[in-house]
Amino acid sequence: MIIYLKNIWETYATVFEGMAITFSYLLQRPITVQYPDRMKESVPETLPEKYRGRLMVDTELCTACGLCAKACPIDVIEMKGGRAEGKKGLRLIYFNIYHGKCMYCNLCVEACPAEDGEEDEHHTAIYFKKNFEGSSYTLNGLVEQFIPPDEARRRLKESEEIAAKRAAAAAETTKNSEAKQESDKPKDGGDV
Amino acid sequence: MITENDLQSRVEITPINGSEIEINMGPHHPSTHGVIRFILFLDGEIVVRAVADVGYLHRSIEKIAENLPYPMFMPYTDRVDYVAAINCNLGYALAVESLAGLEVPERATWLRMIGAELNRINSHLIAVGALAMDVGATTPFVHAIREREYILDLLEILTGTRMNNNYVRFGGVCQDVPEDFFKKTEKFLDHFVLFLGEFNRLLTTNKIFLERLINVGILTGDQALGFSFSGPNLRASGVGHDLRRIDPYCFYSDMEFSVPVGSGVKGTTGDSFDRFIVRIDEMLESVKILRQIMSKIKEGPIQSKIPRKIVLPAGESYHRSEAPRGELGFHIVSDGKSNMPYRIKIRTGSFAAMTSLSELFKGMMVADVVAYFASLDVVAPEVDR
Ligand code: SF4
Ligand code: SF4
């Protein structure tokens, strides 16, 4: 009987203790905030420096080396580089990021060798923005084309022309050298 | 997933007599923490037989590993246990590093340990909160989740993401932290110790909560070892087995911390309450470890030079580390030629915990089934991988 009463007493005592704690929260300021319209400052500004938000590429900086695409485990990055008139090295033809697939793992960013030398906001050619709001109603909306399709088509054509020119030039030299050496070794010329 | 035929072969099916009914608990049940299914054969409210059905969350992570170079598999280890991602990263990194013979700079090791211990607290908060919710107390869960949110903020500074951090790299970590991170962590730890006091007043002393857990699902030390339990579940049964102590990795051998073991404070050793209280105690130990790390960490490089293409020597090796849900082991087989593993087998604590269910559920009430299962702190992705 005494144990029975003691149990009841203990139950009430501990339950009320818990209630007291819960009640004390009623008198405190709520820790929840209303997102997004009642925030004092925009959320991306409060995020730490290295926050992995949406993936971005700086098309000017990018050397189209393709290392990021190779480093990505799930083929999020679809890119192609090609020659351009009056530019040494490669230029981007297209660079698409499938945000819906990306798992924000940072491997591509670490692989990228192209960096801008600026002191503040220093970043590699492919980098994470702090912005994380990227929802879309369609799956295609999650594919971001950093080179617009028209421009990409133009660049592709240009690079193909250059490649064809070079191939022709290379063929010429091969012919010449063939003529000189009279060897019939086929040589592969031209590169894209 | 279990087909009808499997079921027949696995359970000694006696024709269900009039008083016995078969019910499915899950795959989508609020108390199963992910998609896990039990098939319970009930006599009234007592479980006569039970089958645990796993495989609903199978993502063939081990198979994916065979088709990816070693560094590219790192983000997938996050998904082995998403509640304690850095612990899984660390386990994998240690396994490969020990095989490839890679050096890790001192600061990187400290940072890894900070990540792992923060993740451990984070994971145990989920464990105790979800246990409370499963036995009917919603408020403590909200409190635990609130604290976890502070940890996620810290992890955000440390790694750049809140979950699935992909923080550890071979030979280091992916990024350094700003100096104010340590101040913030210090502040959080002070606050967290106070919070645990409040949490104990709110939940741990609550008579109703105690009654739901005490003497429910008792596992003796031998039994727990027999089910190959590890981690907090094994320690709750009175076996002081902690890999940070027994087989130290990183700098855990320099750390001063005690290994909490279950002693049947309220009921019998190895009951559900022991599993709960061991986790609470472990969070306090993690706080201690974090404070020591913070006093010892120094400036320095965070990444050593690693070869561009990692090829492990032919052979196999097993490396284990202490994750919040028990021993996390990576068994790596390499053919010595390619930069991808021949086979990776991941051993997780949750899977071992699942093996005990058919045995322990026998003779339990349905309500106790929920309490016992919640006290094991099983997360479904770790079971299936
Ligand atoms: S963050 Fe990871 S998943 Fe996303 S594009 Fe980069 S490498 Fe691929
Ligand atoms: S790794 Fe960097 S430079 Fe190379 S293609 Fe990717 S974004 Fe461009």
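Below, read A as the first sequence line, B as the second, and so on, with proteins coming before strands; counting in each chain starts at 1.
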message: Please check if the number of heavy atoms outside A:L5 that lie under 6.0 Å from its CG is greater than 12.
response: yes

field: Interatomic spacing from CD in B:E211 to OG1 in A:T11 - rounded to 0.5 Å
entry: 7.0 Å

- prompt: How many angstroms lie between atom CD1 of B:I64 and atom CD1 of A:I74, to the nearest 0.5 angstrom?
  reply: 9.5 Å

query: Relative to chain A, which segment of B:P178 carries a heavy atom at a distance below 4.5 Å: side chain, backbone, both, or neither?
result: neither

message: For B:N89, which atoms come within 4.5 Å of any heavy atom of chain A: side chain, backbone, both, or neither?
response: neither

- request: Report, by ascending residue number, the residues of residues 158-167 of chain B in heavy-atom contact with chain A at a distance under 4.5 Å; give 'none' if the set is empty.
  value: B:T159, B:G160, B:T161, B:N165, B:N166

- request: State, to 0.1 Å, how close B:R169 and A:C105 come at their nearest heavy-atom pair, and which atoms those are.
  value: NH2-O, 3.3 Å

- prompt: Of all the residues in residues 180-193 of chain B, which have a heavy atom that comes within less than 4.5 Å of a heavy atom in chain A?
  reply: none

query: What part of A:F132 is in contact with chain B, defined as an atom under 4.5 angstrom from a non-hydrogen atom: side chain, backbone, both or neither?
result: neither

- prompt: What part of B:L68 lies closer than 4.5 angstrom to a heavy atom of chain A: side chain, backbone, both or neither?
  reply: side chain

query: Is it true that atom CG of A:L27 has more than 12 heavy atoms of other residues, nucleotides or ligands lying nearer than 6.0 Å?
result: yes

message: Strictly less than 4.5 Å between heavy atoms, which residues of residues 196-203 of chain B line up against chain A? Please order them by number.
response: B:E198, B:R201, B:L202

statement: NE2 of B:H143 to CD1 of A:I21, rounded to nearest 0.5 Å, is 7.5 Å

message: The criterion is salt bridge (charged side-chain N to carboxylate O under 4.0 Å, His left out); which residues satisfy it with B:K63, sequence neighbours excluded?
response: B:E66

query: Any donor-acceptor pair under 3.5 Å linking the side chain of A:T14 with the backbone of B:K207?
result: yes

field: From CG (B:N206) to CZ (A:F16), nearest 0.5 Å
entry: 12.0 Å

